[in-house]
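Have a look at the structure below before the remarks.
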Protein chains: 2
Amino acid sequence: MTKSTAASADPELPTEGASPLLPGTWEGEIVDLYTHLAQAFSLPKSVGAIFGIIFASPTPLSLDDVVERLGISKGSGSAGLKLLQRVGAIKSTFLPGDRRTRYTPETSLRRLLIGLLQETVAPHLRQSAQRLETLPALLEEHSAEERKILESRLRALSAWESKTRRLLPFALAFLGKPLKKQG
Amino acid sequence: MTKSTAASADPELPTEGASPLLPGTWEGEIVDLYTHLAQAFSLPKSVGAIFGIIFASPTPLSLDDVVERLGISKGSGSAGLKLLQRVGAIKSTFLPGDRRTRYTPETSLRRLLIGLLQETVAPHLRQSAQRLETLPALLEEHSAEERKILESRLRALSAWESKTRRLLPFALAFLGKPLKKQG
DNA sequence: AAGCTTGTTCAGAAAATTTTGAACACCCTC
DNA sequence: GAGGGTGTTCAAAATTTTCTGAACAAGCTT
């Protein structure tokens, strides 16, 4: 059900008989958009593309669909889908009479961001917060004057940790709310 | 996961080139902490290390100081300092009677995050927002039924863009406020 | 159970990113 | 205007990340 009839020459694209993802098409533009967005979050381009092709499809897609439409390997597709599902960016559905798992996009920004944060920054932040505790003791070897400066830095560091942790639930609540008219 | 970073032996020799950044020391722990934090933001480890060594020092450091203490190349040091300055994570100061530029850490989380966001995600988001405008036209080729679904996806996408853009100033204001007593 | 279909794993290949180091440019000071 | 200190650039090397593809596992169906 995809548009085809791309009878034009493709000087660039491999003639593998696959990827009809030309720019200017709905799927092509969406995939491209998410591919770039993925880079904003330092995620592999393929992950963005996979989310894009799922987002662009009015019906749930299977691993094979994704692999075929994107022209990527099954390994990549499998790994990408698993990552997207782990961060909650896609949901799996099961159509009756079909053994394949199919995927639909998560459209709640709140859930999307929660998953992403949990996956990427949260572990590092947690680890850093832990390290913070051992630091004050290491200041003993410095002169009183130096210690004054370094202690204020340490306080700043603690404050960062505290602020970000307190901001997060707030921000997520905001993102969960419906959009109001511009004031 | 071990931090080999050269200098595995010789905790004694204080020769110029050696890196005395052992774990358990103030500098070592701070550098390590920021090296890990950098990875949380998908920045090169060296960038985190550079910020760390500057953060750990009670006095402003020069490029040479950084390069020597971290045991990295001048090229890396120069690039890292430039990046950190561009995102506003460090400030340059000039000590009288010294031609070298010296650097101190930015301790305002607000400024730190503003710079980081501006540098990393903002351009991508801006670009994506632009692309959004051309998308509705591409839906024409779909059936009415499909279009209903895809249009709602498009609305979600627009809403994301709008929400994140509106949340940002809000969040940054929050981060700029002094920390209040826990309530 | 044999034969499909669906999906995962993982070692090696490919690609992208980061680091190095030496050459270079730009002031200063003398 | 030579010499030395300070910092940047960039091509190539090292490292890390991502992708591939074929082998493998697990489940249905007959």
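Every chain is numbered from 1 and lettered A, B, ... according to where its sequence line falls, protein lines coming before strand lines.
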Between B:R131 and A:D32, is there a salt bridge with N-O shorter than 4.0 Å? yes
Just how far, in rounded Å, is [atom2] of [N] from [atom1] of [X]?
X: A:I72; N: C:dT8; atom1: CD1; atom2: C1'; value: 15 Å
X: B:L70; N: C:dT18; atom1: CG; atom2: C1'; value: 15 Å
X: A:F94; N: C:dG7; atom1: CZ; atom2: C1'; value: 12 Å
X: A:L84; N: C:dT8; atom1: CG; atom2: P; value: 13 Å
X: A:R100; N: C:dT8; atom1: CZ; atom2: P; value: 14 Å
X: A:E68; N: C:dG7; atom1: CD; atom2: P; value: 14 Å

So for A:K74 and C:dG7, does any side-chain atom that can act as donor or acceptor lie under 3.5 Å from a complementary atom in the base? yes
Write down the atom of B:L150, the atom of A:A56, and the distance for their closest heavy-atom approach. CD2-O, 3.4 Å
Contact span of DNA chain D against chain A, any nucleotide atom under 4.0 Å from a heavy atom, 5' to 3', runs D:dT18 to D:dC28
Any B:S46 side-chain N or O less than 4.0 Å from OP1/OP2 of C:dT19: yes
Phosphate contact (C:dG7 OP1 or OP2) by A:T101 side-chain N/O below 4.0 Å: yes
Students often mix this up, so state it plainly: with edges at 30° and 60°, are the rings of A:H142 and B:W26 parallel, tilted or perpendicular? perpendicular
Aromatic plane relationship, B:F170 with A:F174 - under 30° parallel, 30 to 60° tilted, over 60° perpendicular: tilted
How would you label the contact of [X] with the nucleic acid (heavy atoms, under 4.0 Å): base, sugar-phosphate, or nothing?
X: B:L81; answer: nothing
X: B:S62; answer: nothing
X: B:R99; answer: base

Do other residues, nucleotides or ligands put more than 12 heavy atoms under 6.0 Å from B:R111 CZ? no
Please compare A:S76 and B:S42 by the position of their nearest nucleotide in DNA chain C and report the one closer to 5'. A:S76
Closest-nucleotide mapping onto DNA chain C: is B:L43 or A:G75 further toward the 5' terminus? I mean the 5' end. A:G75
Please test A:E161 against A:S128 for side-chain hydrogen bond (donor to acceptor under 3.5 Å, both in side chains), starting from the C-alpha separation and ending with a verdict. CA-CA 9 Å; A:E161 199 271 326; A:S128 299; over 6 Å; no
Using the side-chain contact (heavy atoms from CB on, under 4.5 Å) definition, which of the options A:V67, A:L61, A:D65 pairs with A:L63? A:V67
Tell me which nucleotide among C:dT20, C:dG7, C:dT6 gets nearest to the side chain of A:D98. C:dT6
